[in-house]
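What you see is a predicted model; the values in this text were computed from it and never measured.
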Amino acid sequence: QAQTCTPNLLPAHIHHNGRIPSTSQYWMPETDESGKPHAYFRGRHLHGTVLRLPENYTGAVMRVTDKDVPKDARRENDSGGDEEEDEDEDGEMDDDVEIKIAQKVAEFEEMIVWGHGGVVDESEDVYARGIREWIGFAEAMHREDGDGDEEQ
């Protein structure tokens with residue numbers, strides 16, 4: 001069962017990928033009187049920008065497992081195209097490519113992007129732009145003909 005969380009995207013690279021016994025010792029975000037998140041991390045003042053996902057969307061935190069997707073399952077999910085479409089540039093089949101199974105660990109409706117010395121500029125930030133652009137792209141790709149406004 002996946003839990004609910006709020007991912008925090010920090011402007012830092014941490015050379016550690018294990019558990020930390022006491023996260024409150026290192027990470028204690030607070031909200032000021034105007035509702036803006038603030039935190040101090042390694043002596044740096046970080047300003048948070050909350051990015052909410054659009055309605056009807058849910059974010060997922062995934063963990064790649066050590067399990068491979070069975071080759072039989074790949075064939076079942078194939079679009080039914082010609083075998084030629086499954087060949088790479090050298091004419092070899094892609095059957096020997098390992099595809100790992102991903103497991104959903106948590107879900108989220110919003111995330112916080114942290115910036116040094118001020119709030120993140122949503123028009124320039126890759127995460128903020130990515131949410132708007134990828135969701136817009138996905139909606140355009142899945143729109144039925146005649147739905148919504150068409151370009152003239």
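Annotation: side chain of I112 is in contact with side chain of T6 (closest heavy-atom distance under 4.5 Å). L10 has its side chain within reach of L46: a pair of non-hydrogen atoms, C-beta onward, lies under 4.5 Å apart.
A continuous path of ILVMFWY side-chain contacts below 4.5 Å connects Y57 to V61, so both sit in one hydrophobic cluster. Residues L51 and V126 share a single hydrophobic cluster, defined by chaining ILVMFWY side chains whose heavy atoms lie under 4.5 Å apart. Under a hydrophobic-cluster definition in which Ile, Leu, Val, Met, Phe, Trp and Tyr are linked whenever side-chain heavy atoms come within less than 4.5 Å, directly or via other members, I135 and M111 are assigned to the same cluster.
Smallest separation of non-hydrogen atoms from L53 and F108: CD1-O, 3.6 Å.
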Indicate every side-chain donor-acceptor pair of residues 12-19 with a distance under 3.5 Å to a residue at least two apart or in another chain.
residue : atom : partner : partner atom : Å
H16     : NE2  : G18     : N            : 3.3
H16     : NE2  : G18     : O            : 3.2
H16     : NE2  : R19     : O            : 3.4

Residues 113-122, side-chain donor-acceptor partners within the protein, below 3.5 Å, at least two apart:
residue : atom : partner : partner atom : Å
W114    : NE1  : N8      : OD1          : 2.8
H116    : NE2  : P11     : O            : 3.3
D121    : OD1  : S123    : N            : 3.2
D121    : OD1  : S123    : OG           : 2.8
D121    : OD2  : S123    : OG           : 3.4

Taking distance alone, no hydrogens or angles, what donor-acceptor pairs closer than 3.5 Å link side-chain atoms of residues 25-36 to residues at least two apart or in another chain?
residue : atom : partner : partner atom : Å
D32     : OD1  : S34     : N            : 3.0
D32     : OD1  : S34     : OG           : 2.8
D32     : OD1  : G35     : N            : 3.0
D32     : OD1  : K36     : N            : 2.9
D32     : OD2  : S34     : OG           : 3.4
D32     : OD2  : H38     : NE2          : 2.9

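Shown here are the ring-ring contact (aromatic ring centres under 6.0 Å, His included) partners of Y40, two or more places apart in sequence or in another chain: H45. Here E139 pairs with nothing under the salt bridge (Lys or Arg N to Asp or Glu O under 4.0 Å) rule; sequence neighbours left out.
Judged purely by atom type and a 3.5 angstrom limit, D125 uses its side chain to pair as donor or acceptor with the backbone of Y127. A donor-acceptor pair is defined here as one N or O able to donate and one able to accept, closer than 3.5 Å; no such pair exists between the side chain of T4 and the backbone of E107.
Counting heavy-atom neighbours within 6.0 Å of R44 CZ, excluding the residue itself, gives a total of 12 or less.
Applying the 4.5 Å side-chain rule to ILVMFWY residues, one finds W134, F137 in the same cluster as M141.
A salt bridge is defined here as a Lys NZ or Arg NE, NH1 or NH2 lying under 4.0 Å from an Asp or Glu carboxylate O, and K100 with D66 fails to meet this definition.
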